[in-house]
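Just so we're on the same page: letters track the sequence lines, and every chain starts at 1. Quick caveat: nothing in here was measured; it's all calculated off a predicted structure.
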Amino acid sequence: MAQKVQKLVAKVPTLLGSAVTYSKPRLATFWYYARVELVPPSPAEIPKAIEAAKGLIRSYQTGRLGQTTVKDAVSNGLVTTEVLMWFFIGECIGKGGLIGYNV
Amino acid sequence: MTGSLCLSRSIMAPPVAVSPLIKTARWSALLIGMLYGKQRFDHLKPIAEEERKVEEAEKKLREEQERIYKQLSEASSDTILK
């Protein structure tokens with residue numbers, strides 16, 4: 001039993017090394033995309049966002065929203081769902097746990 | 001960095017320039033979520049403490065009653081067939 005534990009403990013550095021070699025290029029890929037796509041908006045972009053939101057409201061008022069194709073509507077729906085999911089991620093961070101409130 | 005990427009897999013699409021509306025919406029949703037989670041946690045915490053105290057008091061009462069009941073039943077079941 002003690003020998004098995006020793007062998008396992010001896011394998012840990014090699015396991016860590018292979019984990020690092022496995023994850024490094026994937027982390028690099030993730031960072032390559034995240035650096036452009038997942039960054040928070042710079043202060044210059046926030047007025048543009050407000051403009052785009054107003055444009056959305058205007059297109060809803062003029063009825064142009066009814067002219068979106070189904071394909072566009074589905075992809076917009078997916079993007080909206082993704083944005084809403086960030087709210088739940090924030091809630092998990094705020095309550096300090098993944099499942100339920102640990103009161 | 002791009003060189004090492006092209007080695008291990010097929011040519012990857014360049015990163016998309018996300019619209020500012022989506023970016024602000026995402027990160028504000030994250031912020032609002034964090035605030036909401038913290039607020040709800042702070043709201044639920046004292047309620048749970050109260051419930052725990054009430055449960056504790058009730059449990060003590062119940063155990064006290066069970067003890068008395070057991071004592072009574074033992075006292076009343078005095079038979080020679082013990």
- Message: Quick check on the hydrophobic clustering: are A:I89 and A:L84 connected, directly or via other members, by side-chain heavy-atom contacts under 4.5 Å?
- Response: no

- Item | Intermediate values then yes/no, side chain to side chain contact (heavy atoms under 4.5 Å, CB included), A:F87 and B:I32 | CA-CA 7 Å; A:F87 172 81; B:I32 294 176; 3.9 Å; yes

- Could you note down all residue pairs passing salt bridge (Lys or Arg N to Asp or Glu O under 4.0 Å) where residues 59-78 of chain A supplies at least one of them, sequence neighbours left out? none

- Query: So which bits of residues 94-103 of chain A come within less than 4.5 Å of chain B, counting non-hydrogen atoms only?
  - Reply: A:G94, A:K95, A:Y101, A:N102, A:V103

- Linked, directly or transitively: A:L38 and B:L30 (ILVMFWY side chains, under 4.5 Å): yes

- Message: Strictly distance-based, threshold 3.5 Å: is any side-chain N or O of A:W86 a donor or acceptor partner for the main-chain N or O of B:G33?
- Response: no

- Query: Which atoms of A:L56 come close to chain B, meaning under 4.5 Å heavy atom to heavy atom: side chain ones, backbone ones, both, or neither?
  - Reply: side chain

- Message: According to salt bridge (Lys or Arg N to Asp or Glu O under 4.0 Å), does anything in residues 11-34 of chain B pair up with another residue at least two apart or in another chain? List the pairs.
- Response: A:E45-B:K23, A:E82-B:R26

- Task: Let me know which of A:I50, A:V83, A:I46 forms a side-chain contact (heavy atoms from CB on, under 4.5 Å) with B:T24.
- Result: A:I46

- Minimum-distance pair of heavy atoms, taken over all atoms of B:P14 and A:Y33: C-CE2, 4.0 Å

- Message: Using a 3.5 Å distance criterion without hydrogens, assess whether the side chain of A:E37 forms a donor-acceptor pair with backbone atoms of B:V16.
- Response: yes

- Could you give all pairs that pass the salt bridge (Lys or Arg N to Asp or Glu O under 4.0 Å) test and reach residues 47-57 of chain A, with sequence neighbours left out? A:E51-A:K54

- Query: Highest number of heavy-atom pairs under 4.5 Å with chain A: which of B:L44, B:L35, B:I47?
  - Reply: B:L44

- Task: Indicate, with yes or no, if B:M34 and A:M85 share a hydrophobic cluster defined by side-chain heavy-atom contacts under 4.5 Å among Ile, Leu, Val, Met, Phe, Trp and Tyr.
- Result: no

- Message: Quick check: is B:W27 connected to B:V18 through a chain of hydrophobic side chains (ILVMFWY, heavy atoms under 4.5 Å apart)?
- Response: no

